[in-house]
Amino acid sequence: MTAPRNDRRIIIHFDYDCFYASVFENENPALKSLPLAVQQKNIIVTCNYEARRRGLSKLQLVSEAKRILPDVVIVLGEELGRFRNASKALYKFIENFTWSGKVERLGFDEVWLDVTDLVDYNQALLNFNDLSHSFFQLRKNDPTEGFPYDATSVAGHTFPHNPQQDSISRSSSAIPTFDPGSGNDLMVRLILGSHLAQYIRRSLEEQKGYTSTVGISTNKTLSKLVGNVNKPKGQTTLLPPYIITQEGPLPDLENPVESNVTLFLDSHDIGKVPGIGFKMSQRIRNHVLSRPAEHDEGLIYGGTKESVTVRDVRNFPGMGPELLEKLLGVPGAERGLGSKAWNLINGRDDTEVQQAKKVPSQISIEDSYIRLDNMPQVLKELRILTTSLVKRMHVDLLEDDDEPDSEGIKRWLAHPKTLRLSTRPRPPQNADGARSRSFNRISRSGPMPNFVFNLKENIDATVEKLVQVALIPMFRRLHPERGGWNLSLMNIGVTNMVEAASEDGKGSGRDISRMFKKQEEVLKEWKVEDKDVPPDPILKSMAEEDKKRFDAKRAEPSAGNEAPFDTLIGSEDMMIPTQNTVDESGMWEDDEEDEENRDMCHRCGAVMPAFAMAAHERFHTLEE
DNA sequence: CTGATTGAG
DNA sequence: GATTCTCAATCAG
């Protein structure tokens with residue numbers, strides 16, 4: 001029915017302490033001794049521990065934070081580039097320690113590392129006659145690189161808590177807590193994992209300037225959760241036994257040995273288990289409490305929060321994968337959620353630590369707004385967002401070409417095939433008291449025009465074209481009404497990455513059968529310096545004359561100060577003849593006599609003259 | 001494939 | 001359940 005435990009891996013989970021604040025502290029060490037908070041829009045997204053000690057917390061209103069702690073140093077953290085760069089550097093640093101390449105990032109500030117192979121190797125190296133003077137080898141076949149350690153005791157904290165050990169954990173003497181020769185394999189492996197974790201953690205602090213909180217266990221869920229026991233700057237190992245064992249031939253009902261996994265998980269609120277989020281925990285809570293769980297009122301005013309713990313759920317009559325499946329299996333939900341949740345509740349998690357990926361599967365940029373309700377503003381914001389997005393694509397999807405004699409040449413690691421525009425309309429407030437529902441995002445997507453991959457073109461020109469030929473039409477599909485909308489958010493993203501063949505021939509996503517599909521074939525070895533641009537759905541859809549204008553512009557020799565695209569074709573109210581255009585008054589321009597000659601593609605929504613549709617259709621046919 | 005939902009930090 | 005600005009997985013159609 002339910003799979004048995006598998007505790008053969010050793011997984012380390014890293015969580016950098018108050019990451020955003022640490023990035024600023026590393027940029028400017030003088031900040032380290034001050035209470036520091038990082039602001040995005042109107043909220044404090046995180047703050048350092050000095051600020052927390054003095055009463056601040058995450059996700060507080062800026063006004064509230066200033067009231068509580070007028071001295072607080074507040075820095076703006078809306079620009080995420082610095083965090084992304086720091087996160088990548090730390091991730092690369094940690095990646096150096098793996099042999100398997102299993103290093104997975106979660107957000108900017110968490111990393112899982114599967115060190116099973118290093119632990120296996122070093123376990124075999126143990127000399128049982130002198131365990132307290134062991135040496136941890138970081139590289140196979142190199143006995144010199146590594147560190148000495150005491151294999152008779154766990155490094156750092158443990159769960160369950162061991163007061164004796166913890167009280168002197170800051171001193172250098174280690175307390176022998178376990179004899180690895182006695183046959184408890186899991187214990188030995190966790191000890192090795194804890195020492196490796198400590199070594200990496202210290203390296204991270206000494207060489208990179210970042211402190212971290214670490215958990216060591218046998219899967220992702222447990223390692224992540226157990227790390228939280230000692231933070232910041234701590235590490236915690238979840239000790240065996242992980243399964244309930246009974247001594248002797250008969251179960252000793254008087255003295256059952258409890259699994260530390262259950263002991264550890266049971267006190268957690270059900271919603272604290274990674275993978276069981278707000279919706280799932282609400283549904284489980286409702287069932288266990290036999291009534292809708294109180295939320296806002298109970299939480300804020302009464303302080304009578306009804307907490308439903310993992311233990312409450314696990315011990316609830318009839319609880320198991322089947323009941324959970326019924327509770328969680330609403331239409332549209334992931335199937336098999338019941339077993340998944342049941343496994344998580346029991347600390348079973350067989351999901352692998354993902355291999356390091358060369359390219360993200362999507363990149364998106366967004367901003368939120370107090371009021372965004374007219375086209376000129378939308379246009380302005382679209383340009384800003386698109387500029388960031390194109391720059392992000394250059395940073396994240398471009399790599400230096402390693403071919404000889406190709407100095408400074410960049411090549412695309414992957415081409416996103418899809419461009420997406422999402423908005424979040426402000427909830428329509430009904431005067432008649434009915435609750436305004438659906439705070440959700442809506443989106444439209446379409447083919448990514450290939451001109452964005454042309455690096456010879458000015459970024460501003462690329463951005464302007466993208467806005468005009470792709471984003472404005474998408475915006476129109478999202479909001480066909482001329483007005484009346486008010487957006488609280490806009491997001492632009494690229495998805496559907498097609499990875500280019502890697503140069504060393506052993507690239508990650510290399511799959512011959514998939515690579516020879518038409519689209520991939522065309523994109524495969526395409527490099528920036530190539531003259532030919534892959535077939536472009538947008539440009540192809542344009543009338544011939546317009547295409548010539550674009551081509552003429554592209555072929556123009558750059559004479560020092562090249563005028564940007566929009567100044568050549570017309571600035572603010574420029575016309576892209578194949579698209580309906582927008583003027584600064586924010587009205588859709590409807591050219592009456594032109595209207596009947598236009599057509600919209602039923603597949604991608606592109607608007608074009610009727611005579612261009614045939615060629616456009618052919619493009620789509622080729623795509624399939 | 002698209003568009004929505006859920007979960008994560 | 002929402003605030004910020006993301007990213008991944010997964011579903012129905």
Side-chain angles (χ1 to χ4, degrees), chain A residues 13-16 18-20 38-46 58-64 76-81 83-84 87 104-112 220-221 224 228 271-283 293-300 328-337 340-341 344 351 354 357 359-370 385 388-389 392 396 417-424 427 435 437-447 474 477-478 488-497 519 603-605 620 623-624:
Chain A
H13 177 262
F14 295 83
D15 187 337
Y16 315 129
C18 46
F19 181 60
Y20 281 15
V38 181
Q39 174 179 194
Q40 280 174 352
K41 291 286 149 59
N42 231 6
I43 63 178
I44 299 298
V45 288
T46 195
K58 288 178 168 181
L59 302 182
Q60 239 171 354
L61 287 173
V62 171
S63 55
E64 198 184 341
L76 270 183
E78 282 168 25
E79 202 279 301
L80 304 181
F83 307 131
R84 190 149 37 229
S87 175
E104 182 179 348
R105 205 152 53 121
L106 181 58
F108 285 163
D109 69 337
E110 293 183 32
V111 173
W112 278 288
K220 294 207 297 180
T221 301
K224 178 176 161 74
N228 292 331
K272 290 284 163 44
V273 179
I276 301 181
F278 181 79
K279 295 279 186 180
M280 281 170 69
S281 59
Q282 266 307 68
R283 285 180 187 129
E294 293 177 29
H295 203 65
D296 289 19
E297 280 72 27
L299 225 162
I300 294 168
L328 306 174
V330 295
E334 191 182 333
R335 65 184 178 79
L337 264 190
K340 197 178 268 185
L344 290 175
T351 60
Q354 297 289 113
K357 261 183 275 182
V359 297
S361 63
Q362 67 124 315
I363 300 172
S364 69
I365 301 286
E366 70 186 37
D367 203 350
S368 53
Y369 311 96
I370 308 292
L385 292 172
S388 306
L389 183 66
R392 271 290 303 284
D396 288 356
K417 281 194 297 187
T418 308
L419 178 67
R420 175 176 27 85
L421 172 67
S422 317
T423 63
R424 186 180 60 196
R435 46 202 125 122
R437 53 157 202 69
S438 163
F439 229 92
N440 290 333
R441 292 143 98 110
I442 52 179
S443 69
R444 293 293 179 271
S445 51
M474 276 182 206
R477 285 203 279 146
L478 270 174
S488 62
L489 178 142
M490 281 208 297
N491 175 108
I492 312 177
V494 294
T495 57
N496 256 320
M497 300 292 179
Q519 177 79 359
R603 305 209 217 193
C604 70
H620 278 303
E623 286 279 85
E624 297 159 2

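Throughout, a chain's letter reflects where its sequence line sits, starting with A, and its residues are numbered from 1. Every value quoted in this text rests on a predicted model; they were computed, and no experiment measured them.
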- Separation of atom CG in Asp109(A) from atom P in dC5(C), rounded to whole Å: 17 Å
- Parallel, tilted or perpendicular: which fits the ring planes of Tyr20(A) and Phe108(A), with parallel below 30° and perpendicular above 60°? tilted
- Task: Starting from the C-alpha separation in whole Å, work towards a yes-or-no answer on side chain to side chain contact (heavy atoms under 4.5 Å, CB included) for Arg420(A) and Asn491(A).
- Result: CA-CA 8 Å; Arg420(A) 175 176 27 85; Asn491(A) 175 108; 3.4 Å; yes
- Task: Take Arg424(A) and Glu366(A) through the test side chain to side chain contact (heavy atoms under 4.5 Å, CB included) and record every step on the way to the result.
- Result: CA-CA 11 Å; Arg424(A) 186 180 60 196; Glu366(A) 70 186 37; over 6 Å; no
- Task: Produce a footprint string for nucleotides 7-13 of chain C: one letter per nucleotide, 5' end first; B if the base is under 4.0 Å from any protein heavy atom, S if only the sugar-phosphate is, - if neither.
- Result: BB-SS--
- Message: Once you apply a heavy-atom cut-off of 4.0 Å, does Asp367(A) come out as touching a base, just sugar-phosphate, or nothing?
- Response: sugar-phosphate
- Query: Do any side-chain nitrogens or oxygens of Lys41(A) fall under 4.0 Å of OP1 or OP2 in dT3(C)?
  - Reply: no
- Message: Can you tell me which residue among His13(A), Lys220(A), Gln354(A) is in a side-chain hydrogen bond (donor to acceptor under 3.5 Å, both in side chains) with Glu104(A)?
- Response: Lys220(A)
- Query: Is any side-chain heavy atom of Thr423(A) closer than 4.5 Å to a side-chain heavy atom of Ile442(A)?
  - Reply: yes
- Closest non-hydrogen contact found for Ala341(A) with Leu328(A) is CB-CD1, 3.9 Å
- Atom-to-atom span, CD of Glu366(A) to P of dT4(C) - whole angstrom: 9 Å
- Task: Nearest whole angstrom, please: distance from the P of dT4(C) to the CD1 of Ile370(A).
- Result: 8 Å
- Message: One pair to check against side chain to side chain contact (heavy atoms under 4.5 Å, CB included): Met474(A) and Leu419(A). What are the steps and the verdict?
- Response: CA-CA 10 Å; Met474(A) 276 182 206; Leu419(A) 178 67; 4.0 Å; yes
- Task: Take nucleotides 2-8 of chain B nucleotide by nucleotide from the 5' end and write B, S or -, depending on whether a protein heavy atom sits under 4.0 Å from the base, only from the sugar-phosphate, or from neither.
- Result: SSSSSSS
- CD of Glu79(A) to CD of Gln40(A), rounded to nearest 0.5 Å, is 10.5 Å
- Message: Let's go through Arg444(A) and Leu421(A) carefully: what are the C-alpha distance in whole Å and the side-chain angles of both, what is the deciding distance for side chain to side chain contact (heavy atoms under 4.5 Å, CB included) to 0.1 Å, and is it a yes or a no?
- Response: CA-CA 6 Å; Arg444(A) 293 293 179 271; Leu421(A) 172 67; 5.6 Å; no
- Query: Given atom CD of Glu79(A) and atom C1' of dT6(C), what is their separation to the nearest angstrom?
  - Reply: 13 Å
- Task: Select base, sugar-phosphate, or nothing to describe what Leu59(A) touches, counting heavy atoms under 4.0 Å on all strands.
- Result: base
- Message: Please give the distance between the P atoms of dT4(C) and dG3(B) as a whole number of Å.
- Response: 25 Å
- Could you tell me whether a side-chain N or O of Lys224(A) sits under 3.5 Å from a main-chain N or O of Pro274(A), the two making a donor and an acceptor? no
- dist Ser87(A):OG -> Tyr16(A):OH (nearest 0.5 Å) comes out at 6.0 Å
- Message: Take N1-N3 plus N6-O4 or O6-N4 for Watson-Crick, N1-O2 plus O6-N3 for G-U, both under 3.5 Å. Which runs of 3 or more such pairs involve DNA chain C?
- Response: B:1-9 with C:5-13
- Rounding to a whole Å, what distance do you find between Leu80(A):CG and dG9(B):C1'? 12 Å
